[in-house]
Amino acid sequence: MRYPFSEIESKWQKLWEDNKIYKTDFSKLDKKLYCLVMFIYPSGAKLHCGHWYNYGPTDTWARYKKLKGFNAFEPMGYDAFGLPAENYAIKTGIHPYDSTMTNISDIRQQLKRMGCMYDWDAELMTCNPEYYKWNQWLFLQLYKKGLAYRKNAPVNWCPKDQTVLANEQVQADGTCERCGTLVIQKNLTQWFFKITDYAEELLKGLEEINWPEKTKLMQRNWIGKSIGTEVRFKVENRDEVITVFTTRPDTLFGVTYVVIAPEHPLVKKITKPELKKGVDDYIDSIKSLTEIDRTSTIKEKTGVPIGANAINSVNGEIIPIWIADYALLTYGTGCVMAVPAHDERDFEFATKFSLPIRKVILAPGTKPEDEMKTAYTEVGVLINSGSFNGLNSDVAIDKISEFVEINNLGKRKVNYRLRDWLISRQRYWGTPIPIIHCPKCGEVPVEEKDLPVELPYDVEFKPGGESPLTTNKSFYDVKCPKCGTDSHRDPDTMDTFVDSSWYYFRYLNPKFEAKIFDTALTNNWVPVDMYVGGAEHATMHLLYARFIHKFLRDLGLTKSGEPFLNLIHQGTITNQGAKMSKSKGNVVNPDEFTSKFGSDVFRLYLMFMGPYEMGGDWSDKGIAGTDRFVQRSYELFSRFIDCLTKSPAKNIYDIDILNDDEKTVYRKVNQTIKKYDEEINNFRFNTTIASLMELLNELTKSLEKCSGEIQAYSLERFGILLAPVAPHLAEECMQIIGRRESIFKNPVWFEPDLKALIEDNVMIAVQVNGKLRATIEMPMNSDQSFAKQIVFSDDKVAKHLDGKSILKEIFVKNKIYNIVVK
RNA sequence: GCCGAAAUGGCGGAAUUGGUAGACGCGCUGGACUCAAAAUCCAGUCUGGCUCACACCAGGUGCCGGUUCGAGUCCGGCUUUCGGUACCA
């Protein structure tokens with residue numbers, strides 16, 4: 001009979017739910033395991049293969065841990081705020097709340113049919129006021145500490161989504177991370193979280209977490225620590241001072257000009273009146289450049305002189321001041337000392353505009369008068385550098401910095417590439433920012449007792465660059481809580497990455513009312529032990545969550561310094577080479593397969609496809625293989641009804657007294673347990689399943705020929721090994737052979753009988769001059785002298801030794817016998 | 001440009017610290033069962049040579065070179081693909 005997956009899967013899902021099999025007892029702390037997947041964005045596209053690939057195998061791992069005796073907690077929830085729901089509302093008129101709720105209830109059903117052991121009592125959704133109230137509370141705490149602030153700054157604006165974006169949310173090609181539209185720069189007043197205050201700690205913390213090296217490296221690069229020196233240059237004949245930041249103070253004597261970012265406020269003040277028009281024109285030309293042009297790698301540097309000069313602090317030289325597009329206002333001081341001889345960008349610029357190039361570091365094996373074709377950026381000996389001549393440049397970095405500090409010309413400084421996190425969005429479907437703007441008092445934070453500031457239902461969604469919340473007068477117009485003057489609420493909402501930066505705390509008690517989360521539980525259960533999700537979040541969610549976690553620790557709400565101890569990225573499943581997305585129309589719907597084969601077969605197939613962290617292009621070619629595996633397993637169990645009760649097995653057998661078939665089966669069972677354990681523990685699901693297939697092949701061949709006890713012994717173990725990878729199938733199979741309750745109710749695991757693992761005989765390879773000439777069977781652990789006798793009496797080996805002299809013999813026990821001849 | 005990962009049969013992919021390359025599965029070929037088909041079961045399946053066949057021989061893990069008794073695995077130099085990043089002073 002074909003395995004009736006449909007009725008069996010719903011039968012066990014109902015049984016699990018009715019008996020609350022997956023409810024976690026938080027009071028049991030021995031071997032607690034918090035296993036988390038990134039929660040789901042409830043879009044209209046529902047669950048796709050990518051979600052399945054994230055959730056199914058992770059659940060398998062958690063189930064395995066549960067059988068091993070861990071008290072595993074697996075929650076699931078909804079990252080329910082966000083732009084797509086609002087864009088959908090603009091298009092169709094369906095309110096984001098309504099579409100989100102519909103999507104959530106559909107997705108919840110789909111999730112339940114997957115058969116994961118989620119603790120549904122822990123379910124949460126971020127669009128619920130009982131959740132986002134605490135985003136607002138968090139905002140207020142950051143505000144109190146000066147870590148949430150407003151400033152006017154050039155920011156990324158997505159013309160399609162009509163909102164600003166954080167740096168992290170703009171892709172390398174200058175397009176919006178969400179919709180792919182080209183992002184433009186705008187000067188706007190926006191809310192920021194001061195993540196830069198934690199830059200150093202975010203960097204240090206990476207050392208203590210077990211994450212993929214690649215991800216840690218991405219975060220390190222994103223934080224971009226650089227150690228250098230700030231040096232003040234006076235502006236000639238004026239009071240203004242230009243401060244530059246350099247990582248190469250050893251080249252200070254080689255400065256031949258200074259570059260300031262075109263948007264720098266100083267530019268207006270010190271530009272020579274005669275040159276004002278040219279400078280203004282240049283600044284305009286920079287603004288009109290598209291993002292593509294600006295980021296183009298082949299774009300030539302541009303710039304103009306502003307007619308003012310600076311005085312090099314270390315040698316008193318008068319040098320011209322330029323503005324140029326390659327100086328960035330947002331990094332360091334926005335001013336650069338240019339050393340064309342030893343910096344590639346400065347070299348290119350100086351060559352183009354015929355600015356002087358002065359060599360101050362001599363490359364080994366060159367002469368001072370040699371002409372420079374490119375900048376020399378390596379270590380060398382200082383020249384043209386006054387009293388520092390003759391020093392090695394790496395030593396001079398320190399010496400010149402010291403000189404700068406002693407003479408009060410500047411100071412050593414560490415800079416980070418990381419910018420503050422821009423969190424305000426000019427959109428509706430998010431957490432309202434709990435600030436009231438009063439014409440008299442300015443920014444007035446909403447009092448904690450007045451939280452949540454509830455998101456009103458009635459708003460107009462028309463896009464226009466203004467937050468839709470301004471269209472609801474009863475929300476927008478309020479009296480100032482301090483002085484009673486007519487004021488209005490901040491009309492912006494928060495970036496949804498705020499929601500996801502602390503949700504793992506909330507899962508432990510999502511209904512908790514007294515505080516942001518229930519510290520009585522979180523102190524025991526956070527940090528998360530295993531976190532599984534996509535690598536695309538490396539410098540966004542995964543960085544924000546670490547930041548907020550550290551802030552919460554500073555508030556005394558958690559003892560840990562890091563949110564996620566272990567992290568694994570599932571690979572990306574692509575379709576025809578492209579990432580699956582609704583807009584590309586290449587989404588593969590898992591229902592197509594689960595309705596045909598069942599969710600266990602689909603889960604098995606996803607795991608069997610290849611290494612979990614690699615992903616790959618979607619193909620359903622091999623699904624027949626895992627389907628056959630399920631059918632054959634079910635058939636096998638069906639041939640041994642109630643064997644557990646008819647002839648109960650002992651825990652261990654002496655392999656030496658078993659007959660040949662029993663011995664083979666008994667050994668294979670135990671070898672499989674060992675192999676399986678090693679593979680699945682490290683998320684190597686493909687080889688885990690391969691080992692089960694090997695076992696099934698062996699059992700199909702020989703189990704009939706074994707005693708009833710060995711049959712029970714083998715099937716009981718096989719069934720338990722099946723449970724993590726195909727939970728419904730395993731429950732049914734175990735019931736067939738006589739188990740009376742769910743495997744997961746009182747989890748069991750079988751340790752391998754180590755004595756049985758050792759084969760009696762091994763095949764060893766015999767090589768002559770490194771080439772395989774024969775394989776010979778001999779007893780396990782035979783020593784060299786014994787092996788030698790057998791090897792040299794072998795005809796094939798003798799043939800290759802004929803007439804040659806033996807130079808050397810290499811013997812590796814149980815592996816190889818190599819004879820070197822001439 | 002810079003940083004990181006990868007490259008193995010017709011396909012997805014296996015291969016502890018260097019030790020029999022191709023586990024497991026898909027597909028394909030042949031056979032059994034069937035009136036027939038599907039399903040299932042059995043056998044074969046890296047390439048080339050030779051052979052009726054078994055056997056045997058040679059080559060083979062992106063390319064070139066090296067270390068070693070022995071390299072998919074280690075070292076040096078490339079090529080291609082995929083991620084990340086974009087003048088960060």
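Chain identifiers are assigned alphabetically (A, B, ...) following the order of the sequence lines, protein sequences preceding nucleic acid strands; residue numbering begins at 1 within each chain.
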**Exercise: do Y282(A) and T302(A) side chains pair donor with acceptor under 3.5 Å** = yes

**Message:** Check the phosphate of rC88(B) against K225(A), side-chain N and O only, distance under 4.0 Å to OP1 or OP2. Yes or no?
**Reply:** no

**Item:** Atom NZ of K352(A) with >12 non-hydrogen neighbours under 6.0 angstrom
**Value:** yes

**Asked** What is the glycosidic conformation of rG9(B): syn, defined as within 90° of 0, or anti?
**Response** syn

**Prompt:** On RNA chain B, nearest-nucleotide positions of S691(A) versus R684(A): which is more 5'?
**Reply:** R684(A)

**Asked** For atom P, what is the distance between rA23(B) and rG10(B), given to the nearest Å?
**Response** 14 Å

**Request:** Respond yes when some side-chain nitrogen or oxygen of H537(A) is under 4.0 Å from OP1 or OP2 of rG84(B), and no when none is.
**Result:** no

**Message:** Measure CD1/I573(A) against P/rC82(B) and give the value in whole Å, please.
**Reply:** 17 Å

**Prompt:** Taking only N and O in the side chain of K815(A), is any of them less than 4.0 Å away from OP1 or OP2 of rU20(B)?
**Reply:** no

**Message:** Quick check on rU20(B): is either OP1 or OP2 less than 4.0 Å from any side-chain nitrogen or oxygen of N818(A)?
**Reply:** no

**Message:** Whether R628(A) contacts rU40(B) is assessed here as follows: a side-chain N or O lying under 4.0 Å from the phosphate OP1 or OP2. Is that the case?
**Reply:** yes

**Message:** Side-chain N or O of K214(A) versus OP1/OP2 of rG4(B): is the shortest distance under 4.0 Å?
**Reply:** no

**Prompt:** With a cut-off of 6.0 Å (strictly less than), are more than 12 heavy atoms of other residues, nucleotides or ligands near CD of E344(A)?
**Reply:** no

**Message:** Side-chain N or O of S226(A) versus OP1/OP2 of rA89(B): is the shortest distance under 4.0 Å?
**Reply:** yes

**Item:** Phosphate OP1/OP2 of rA89(B): any R417(A) side-chain N/O under 4.0 Å
**Value:** no

**Prompt:** When you look at CG of N781(A), are more than 12 heavy atoms from neighbouring residues, nucleotides or ligands closer to it than 6.0 Å?
**Reply:** yes

**Request:** Give none if rG59(B) has no partner; otherwise give the nucleotide forming a Watson-Crick or G-U wobble pair with it, both distances under 3.5 Å.
**Result:** rC46(B)

